[in-house]
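Read through the structure below, which is laid out as C-alpha cells, and then see the notes.
Just so we're on the same page: letters track the sequence lines, and every chain starts at 1.
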Protein chains: 2
Amino acid sequence: MSKCEQCIIRQFNSLKSLTKDELVRISGCKTSRLIKKGEIIFEEGDTLNGVFCVKDGVCKLSKLSSNGKDQIVKLVVKGDLLGQRSLIGEESANLSAIALNDMEVCFIPKHEIMHDLQKNPKFTLDMLQQMAHDLKDSDNVIVDMAQKSVKNRVADVLIYVNEHFGVDEKGFLSINLSREDYANIVGTATESAIRILSQFKKEGLITTKGKQIKIENLQKLKHIE
Amino acid sequence: MSKCEQCIIRQFNSLKSLTKDELVRISGCKTSRLIKKGEIIFEEGDTLNGVFCVKDGVCKLSKLSSNGKDQIVKLVVKGDLLGQRSLIGEESANLSAIALNDMEVCFIPKHEIMHDLQKNPKFTLDMLQQMAHDLKDSDNVIVDMAQKSVKNRVADVLIYVNEHFGVDEKGFLSINLSREDYANIVGTATESAIRILSQFKKEGLITTKGKQIKIENLQKLKHIE
DNA sequence: CTCAAAACATGACAAATATCATATTATAAA
DNA sequence: TTTATAATATGATATTTGTCATGTTTTGAG
C-alpha cells in the first residue's frame, strides 16, 4: 500500500502541515478504498469515525430537504478532505456523500486525526484556515441562492464545473452531472434546469451530446442578465 | 476598563479556552468601544486588523449582491466573535457588519489573536469547532434558501428571532428588524416580505404595532406548509 | 443486440414572486 | 408640535418558476 509520506495528494489539503512522524503514523493505520460511481460513501445521520482523503474522483455532498428534494451543497474533488466537519464538531454527518464517478479514497481513523489536532497547532491552524475559506464560499452561495435567478445560477454552475473540472479531449465538461444533479445544485425543479439548458443551447451558449455538455460561449454565459 | 479575565462574555466563545496569562495579555491591549444603532462596524473589502468580541447588542452581517440588493447572511449576538474568519483567512472582509441596536464591543488586535492561535492548540481547536458548527449552519441555510418558499422562510426568521433574542415585557420580539431587513434575510423583495407579514397578521399568527411584531401562534408558524 | 427503465425534453397551465404605482402611517429632525 | 422623510401597506400586473402530462431519447442489464 502506498505511503502518506510519499503521497502527493496531501499537498492540496491540511495534511501537508503534519510532520514526517505524524504522517508515518497515519500511514500505518489508514486504509485505501475504491468507490464506484453512484456509491454512497456516507449518509446524513451516519456517525463518521474518520475522515476521507480523496485521491481521485469527485463526489457530491447533499442534504435532503423537508420538501423531499435533495440539495447538493458542495462538490468534493481530488485533494479534498471529506468528513472533517462532522468529526471536529463531534456530530453525526449533516450531509450525504455520493460518488459522481469512480473514486479512490484513503480513510484515516478519527482518533489519529483528533490526536494530531490536539498536538500539532500548525495542522489545526491550517484546518482552521481551510474552514474559514469554506465559510466564505458558503456565504457567497447563500447570497447567490437568495438573489440570483435560476437561469443565472445554472450559468454559474456551468462556469464553475468548467473552471474546476475542465473539459475532455473533445471539449465536453469532464464531469457528467445529470440534469437532476444540476437542478439539485441550483435548487430548482429538474424540468426547469432542463428548460434553461435547452434555452442556452438555442442561444448557442452550449451544445450537448446526450448528457454531455460543451460550453461554446463562456463570455456570454458569464454575462447572463 | 474592565478586564478580560473577569469578563463573563468570553464563556460564550472561543476565548474561554485561553489561559489566564493569555487573557491578561489580551486584556492589556484590547480596546472597548460603543457602537450606535445603524453604525457600520466594517464593510466588505475592509482590511480588519483584529476581532471584535460582542459584549452587548446585535449586528447584521450582509453582502451586496450583483443585483444591488443586500443579503443578510448572519445575525451576530452578545457573546459572539466578529471578524475571525477574515483574520484567519488572511483576507479582507467578505461581509459588512452593521449594528442593529446600540452595541458594546471589545476590539482585540490581530497579532494577539494570531499569536494565541499559533501557541495554544486548545484555543485553535475550540475556534475550529465553532467554525465547523457555523459551516453546518451555513449548509442548512443554503438548503432552506434553495428549497423552501419565501413564506416558509419568513416564518422561519420569525421563529429564529423569537428563539434567539426573545421578547420584551409586552411580548414583542425584542429585536426590531425593518421589513427591509426581513426581506434581506429571506432573500426576497421588501414588498413580498411585507405582504407575507400582512397575511400572517390576517391569519392571526402574528400581531404588529408599528414595526414591532408579536408572535401569537408559534405552533402554526412552525407548520406553514 | 434487444428492450425496459431511466433520463431527457417540451407543452400547457398553475402558483409563486417581482415590479411598479400609489397610498398611508410612523419617525425623527427642526 | 410640526413637517419632511422614511417605512409600511396594498393593488395591479408582469415575470419567473413549479407542476403535471406526455412523448422522445439514451443507457445499461441480460
Side-chain angles (χ1 to χ4, degrees), chain A residues 36-39 65-71 98 100-102 144-155 157-158 172-173 175-203 206-214 224-225, chain B residues 36-39 65-71 100-102 144-155 158 172-173 175-203 206-214 224-225:
Chain A
K36 282 190 190 154
K37 177 177 176 176
E39 196 177 323
S65 167
S66 48
N67 68 1
K69 284 187 189 165
D70 262 322
Q71 177 64 32
I98 299 179
L100 286 174
N101 45 30
D102 291 350
D144 287 351
M145 280 289 178
Q147 303 286 353
K148 289 186 175 178
S149 68
V150 172
K151 193 161 123 186
N152 220 304
R153 272 139 57 201
V154 171
V157 184
L158 292 175
F172 291 104
L173 295 178
I175 292 222
N176 275 327
L177 294 165
S178 68
R179 302 293 194 259
E180 190 180 7
D181 283 334
Y182 279 110
N184 291 348
I185 292 173
V186 162
T188 190
T190 305
E191 296 94 322
S192 297
I194 289 175
R195 241 180 270 276
I196 288 167
L197 288 174
S198 296
Q199 193 191 338
F200 286 170
K201 210 158 38 171
K202 273 180 200 146
E203 292 169 357
I206 62 173
T207 50
T208 64
K209 186 186 174 192
K211 70 189 307 186
Q212 296 179 92
I213 295 175
K214 189 192 292 186
I224 296 287
E225 81 292 349
Chain B
K36 282 189 188 156
K37 177 177 174 175
E39 196 176 324
S65 167
S66 47
N67 67 1
K69 285 185 188 167
D70 262 322
Q71 176 65 32
L100 286 174
N101 46 30
D102 291 349
D144 287 351
M145 281 290 179
Q147 303 286 352
K148 289 187 175 178
S149 68
V150 172
K151 193 161 122 186
N152 220 304
R153 271 138 58 199
V154 171
L158 292 175
F172 290 105
L173 295 178
I175 293 222
N176 276 327
L177 294 166
S178 69
R179 301 294 193 259
E180 191 181 6
D181 282 334
Y182 278 108
N184 290 349
I185 292 173
V186 163
T188 191
T190 306
E191 297 95 321
S192 296
I194 290 174
R195 242 179 267 276
I196 287 168
L197 289 173
S198 296
Q199 193 191 338
F200 285 171
K201 208 157 43 173
K202 274 180 199 147
E203 293 169 356
I206 61 171
T207 50
T208 65
K209 187 186 175 191
K211 72 189 304 188
Q212 296 178 91
I213 295 175
K214 188 193 292 188
I224 297 287
E225 81 293 348

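What separates NZ of B:Lys209 from C1' of D:dT8 is a distance of 16 Å, to the nearest Å. Taking atom CG of A:Asn67 as the reference point, atom C1' of D:dT17 lies 14 Å away to the nearest angstrom. When the P atom of C:dA26 is taken as reference, atom CZ of B:Phe172 falls 12 Å away, rounded to whole Å. In this entry the distance linking CG of B:Asn176 with C1' of C:dT27 reads 13 Å, nearest Å. Rounded to a whole Å, the CD1 atom of A:Ile224 is 12 Å from the P atom of D:dT16.
Between the two ends of the helix from C:dC1-D:dG30 to C:dA30-D:dT1, each summarised by a five-pair axis, the helix axis turns through 60° (rounded to 10 degrees).
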Mind listing the side-chain donor-acceptor pairs of residues 191-199 of chain B below 3.5 Å, one per line with the distance, residues two or more places apart or on another chain?
from: B:Ser198; atom 1: OG; to: B:Ile194; atom 2: O; distance (Å): 3.0
from: B:Gln199; atom 1: NE2; to: B:Glu203; atom 2: OE2; distance (Å): 3.1

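Note that CD1 of B:Ile175 is 12.0 Å distant from CD1 of B:Ile213, once rounded to the nearest 0.5 Å. Separating the CZ atom in A:Arg153 from the CE atom in A:Met145 is a distance of 5.5 Å, to the nearest 0.5 Å.
Contact between B:Lys211 and B:Leu177 at its shortest, heavy atoms only, is CE-O, 4.0 Å. A pairwise comparison of heavy atoms in A:Thr190 and A:Glu180 identifies OG1-CG, 3.8 Å as the closest pair. For the pair B:Asp102 and B:Lys37, the tightest heavy-atom approach, listed with the atom from each and the gap, is OD1-N, 2.9 Å.
Inspection of the B:Lys201 and B:Thr208 side chains reveals an N or O donor paired with an N or O acceptor under 3.5 Å.
At least one donor-acceptor pair under 3.5 Å links the side chain of B:Gln71 to the backbone N or O of B:Ile185.
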Inset, instruction - For nucleotides 7-25 of chain C, just jot down a letter per nucleotide in 5' to 3' order: B, S or -, based on protein non-hydrogen atoms under 4.0 Å. - result: -SBBBB----SBBB-----
